[in-house]
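Nothing fancy with the numbering, it's 1 onward along the sequence. Just so it is clear, the model here is predicted, and its values are computed rather than measured.
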Amino acid sequence: MRGRKRKAIFLLWLSLVAVFISGRRVWAGGEEIEETNVEETGITQEAAAGAVEGPGELYALSAVLLDGDSGRVLYEKNGYEVRPMASTTKIMTCILALENLDESTVVTASSQAASQPKVRLGVRDGEQYVLKDLLYSLMLESHNDSAVVVAEAVSGSVDGFATLMNQKAREIGCTDTYFLTPNGLDAKKEENGVTVSHSTTAADLARIMRYCTMESPKKDRFREITGTASYQFQAAGRNFSCNNHNAFLSMMEGAFSGKTGFTGEAGYCYVGALSRDGKTLIVALLGCGWPNNKTYKWKDTRKLMEYGLSAYTYRDIYQKPELSGIPVEEGIANTGEPDGNAEVPLVEVKGEGSRWRLLMKEGEQVDIEMELETSLMAPVAKDRKVGKIVYRLGDEVVAFSEIRTAEAVGRRDFKWCFLKTAEQFWDGF
């Protein structure tokens, strides 16, 4: 009996070993996650099965998939959790330099810039460079010293440039981002008795990337720089060569911009953009593994991009309302008769900034609510707001219209009645 038990336990142990070996596994953030053959097939298991509930398991501690056209968050995993962002910071540094200086500007390296840690171009105190060259150094090779040279050229100091970065972040709508450095190195400081750190959220980082690639007056130049494979230049008597470390540019059709990052606190980070099938998608990842897991960010980005491409399609959400006139108490009747009923016709005016065409997945519905006054008191002016139509997708208002009066309606007062009666009296002769 005891021998049979030992044999059964041994066979069970062999079965468990076989199952473990057959399922390739890697460690990510303390969890054991089974790998799929994403690199070989080019699609995730979820996409292959046709599921659209989500992109599946992600390595990143924080992740966001953003619709580049509307700015709507399509998917998030801890997307509003504040975390360090490493060198993804440099997308803000680059766009501010493009917006505030001519690329032909000659800039001078300071001792502070020359003292920056790796990764670095190797600038020396007092050397001069053309801004254009440093922007390629900044975005392709992620050189920390180039970032400081650029910041000092724009604002005179790193602190002044950080103030400019934070102002721009607020303008874009980033409420949980705080910049301290132009290069993204981990940093903290005391402000009014509170310790603040260089940080953002995946949602804010995606919004900044959307601004850089979709909204800024310098968006085309930003795309050109960040999409360049390699760049060479001469400065300070030396030759320099820069190669783009954004490997995702060649991993998926339509990828056109992005920036990597890494520090000990931040882990591997990435923000990237892709345009395909009429869609522009932006992915932001924070804390996507630590050494030796450099490839996690590419796997997560691919999963999120494929999810966006397969699960979301454009849908027109506008519905033309049926508008009838509103009764106007004590108003002059439309017929002009003293005893007639007054009614004012209505017109719809679409709200500025409304998004009438949205990326939506199956099962998502837009809720449309209309508020309209039931009656008005004369006199009524033309173009008076009397109601609104609100389009909501979940908790977010995505579009709206105002209902306004199409013409004016006068008041049927004593003077009008007297004149109307007199008119009819004289018409009788």
Side-chain angles (χ1 to χ4, degrees), residues 26-31 33 54-68 71 73-95 119 139 142 144 147 165-166 169 172-188 196-213 226 245-248 255 257-274 281-305 307-308:
V26 293
W27 290 94
E31 289 187 44
I33 301 171
E57 292 290 335
L58 298 174
Y59 295 109
L61 299 180
S62 297
V64 156
L65 172 66
L66 189 82
D67 173 16
V73 173
L74 304 179
Y75 173 86
E76 60 95 8
K77 171 189 174 183
N78 302 322
Y80 303 94
E81 182 179 294
V82 176
R83 300 190 57 80
M85 66 191 104
S87 286
T88 58
T89 296
K90 290 168 179 147
I91 65 173
M92 180 67 92
T93 303
C94 181
I95 203 65
V119 175
M139 300 307 291
S142 199
N144 293 318
M165 296 172 88
N166 288 317
I172 295 170
C174 300
T175 57
D176 298 307
T177 295
Y178 198 84
F179 290 107
L180 288 173
T181 74
N183 48 29
L185 294 174
D186 295 327
K188 291 181 173 64
V196 294
S197 60
H198 186 87
S199 56
T200 189
T201 65
D204 276 1
L205 182 58
R207 290 188 188 102
I208 296 170
M209 188 62 164
R210 177 174 181 253
Y211 174 79
C212 292
T213 58
T226 55
H245 291 267
N246 178 16
F248 194 73
S257 184
K259 184 70 189 74
T260 59
F262 174 81
T263 67
E265 285 191 35
Y268 291 110
C269 302
Y270 182 67
V271 60
L274 175 145
L281 302 173
I282 294 171
V283 165
L285 306 171
L286 299 174
C288 194
W290 273 258
N292 295 308
N293 297 309
K294 282 187 176 182
T295 62
Y296 284 2
K297 60 183 178 288
W298 308 133
K299 294 176 181 179
D300 277 7
T301 302
R302 182 187 288 274
K303 272 191 175 184
L304 287 165
M305 292 296 191
Y307 171 64

Please assess L281 against L74 for the test side-chain contact (heavy atoms from CB on, under 4.5 Å), listing each intermediate value before the final yes or no.
CA-CA 9 Å; L281 302 173; L74 304 179; 4.0 Å; yes
Tell me the closest heavy-atom pair linking P84 and C269, and the distance in Å.
O-SG, 4.1 Å
With sequence neighbours excluded, tell me which residues meet side chain to side chain donor-acceptor pair (under 3.5 Å) with K90.
S87, S142, N144
Taken to the nearest 0.5 Å, the spacing of T213 OG1 from I208 CD1 works out to 11.5 Å
Report the distance from atom OH of Y211 to atom CD1 of I282, rounding to the nearest 0.5 Å.
13.5 Å
Going by the rule side chain to side chain donor-acceptor pair (under 3.5 Å), which residues pair with T177 if we only count those two or more places apart in sequence or in a different chain?
T200, D204
Quick check, are the ring centers of F179 and H198 under 6.0 angstrom apart?
yes
Which residue pairs pass the salt bridge (charged side-chain N to carboxylate O under 4.0 Å, His left out) test when at least one of the two sits in residues 263-274, sequence neighbours left out?
K188-E265
Please identify each residue that fulfils ring-ring contact (aromatic ring centres under 6.0 Å, His included) with Y75, with sequence neighbours left out.
none
Under the side chain to side chain donor-acceptor pair (under 3.5 Å) test, which residues partner Y270, sequence neighbours left out?
N246
Closest heavy-atom pair, L66 versus R207, reported as atoms and distance to 0.1 Å, is CD2-N, 4.2 Å
Please check: side-chain N/O of N293 versus main-chain N/O of W290, any donor-acceptor pairing under 3.5 Å?
yes
Spatial distance of atom CG (N292) from atom OH (Y268) [nearest 0.5 Å]
6.5 Å
Taking all atoms of both residues into account, what is the closest heavy-atom pair of T93 and A147, and its distance?
CG2-O, 4.3 Å
Let me confirm one number: the CG-CG distance from L61 to L286, rounded to the nearest 0.5 Å.
8.5 Å
Please answer whether the main-chain N or O of M139 pairs with a side-chain N or O of K259 as donor and acceptor at a distance below 3.5 Å.
no
Could I get the full list of side chain to side chain contact (heavy atoms under 4.5 Å, CB included) partners for N78, not counting sequence neighbours?
S62, E81
Roughly how far apart are M209 CE and I172 CD1, rounded to 0.5 Å?
12.0 Å
Nearest atoms (heavy-atom pairs only) where A202 meets A284:
O-CB, 3.3 Å
Closest contact, heavy atoms only, C212 versus I91
SG-O, 3.6 Å
Can you sort out the partners of V82 under side chain to side chain contact (heavy atoms under 4.5 Å, CB included), two or more places apart, ordered by chain and number?
D176, S199, T201
Could you pull out all residues at least two apart from A63 that satisfy side chain to side chain contact (heavy atoms under 4.5 Å, CB included)?
L58, A60, K77, L285, L304
Search all heavy atoms of R302 against all heavy atoms of F248 and return the closest pair with its distance.
N-CE1, 4.0 Å
